[in-house]
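One structure below.
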Amino acid sequence: MVELTVPYESRMEEAHAFKEGKYLDLTKELKKDGYEARVMPVEIGARGFVGSSAYGLLSKLSIGGNKKTKALRLLAETAENSSRWIWSRRNERLLHKD
């Protein structure tokens with residue numbers, strides 16, 4: 001399971017630990033039932049900083065070289081653009097729960 005999180009850069013380690021813990025029981029249950037299961041939390045900072053977990057994920061998926069560089073750049077740009085979009089609409093009622 002891959003869990004993508006886009007936290008503030010100062011909270012990336014905390015976010016990683018939280019996501020690992022969040023799925024711990026599910027992973028244990030799946031393994032007990034005979035499945036192979038692994039949780040791979042990935043963090044891309046809200047301002048586009050790519051966490052080491054993203055590098056690790058791409059390596060585990062056998063993505064390397066130029067493809068890895070391109071994928072990491074795209075992940076960073078997408079996270080940054082998405083954060084910018086959310087920020088630009090922060091006052092719109094649609095984004096807030098009543």
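Listed here is the closest heavy atom pair of Val39 and Lys19: CG1-O, 4.2 Å. Closest approach of Arg90 and Trp87 over heavy atoms only: NH1-O, 2.7 Å. Of all heavy-atom pairs spanning Ile44 and Leu75, the tightest one is CG2-O, 3.8 Å.
Within 6.0 Å of CD in Glu13 there are 12 or fewer heavy atoms belonging to other residues, nucleotides or ligands.
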Show me the donor-acceptor pairs, under 3.5 Å and distance only, between side chains in residues 21-38 and residues at least two apart or in other chains.
residue : atom : partner : partner atom : Å
Tyr23   : OH   : Glu3    : OE1          : 2.7
Thr27   : OG1  : Tyr23   : O            : 2.8

Side-chain polar contacts of residues 46-58 - donor-acceptor pairs under 3.5 angstrom, sequence neighbours left out - could you list them?
residue : atom : partner : partner atom : Å
Arg47   : NE   : Glu9    : OE1          : 3.2
Ser53   : OG   : Glu43   : N            : 3.0
Ser53   : OG   : Glu43   : OE1          : 2.8

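Scored by the salt bridge (charged side-chain N to carboxylate O under 4.0 Å, His left out) test, Glu14 finds Arg11 as partners (sequence neighbours excluded).
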| field | Derivation of the side-chain contact (heavy atoms from CB on, under 4.5 Å) call for Val6 and Ser82 | value | CA-CA 10 Å; Val6 184; Ser82 298; over 6 Å; no
| request: List the steps and the verdict of side-chain contact (heavy atoms from CB on, under 4.5 Å) for Val2 and Val42. | output: CA-CA 7 Å; Val2 177; Val42 175; 4.0 Å; yes
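Placement of Phe18 and Leu4 in two distinct hydrophobic clusters is found when ILVMFWY residues are connected by side-chain heavy-atom separations under 4.5 Å, directly or transitively.
Of the options Glu20, Met1, Lys60, a side chain to side chain contact (heavy atoms under 4.5 Å, CB included) to Met40 is made by Lys60 and by none of the others.
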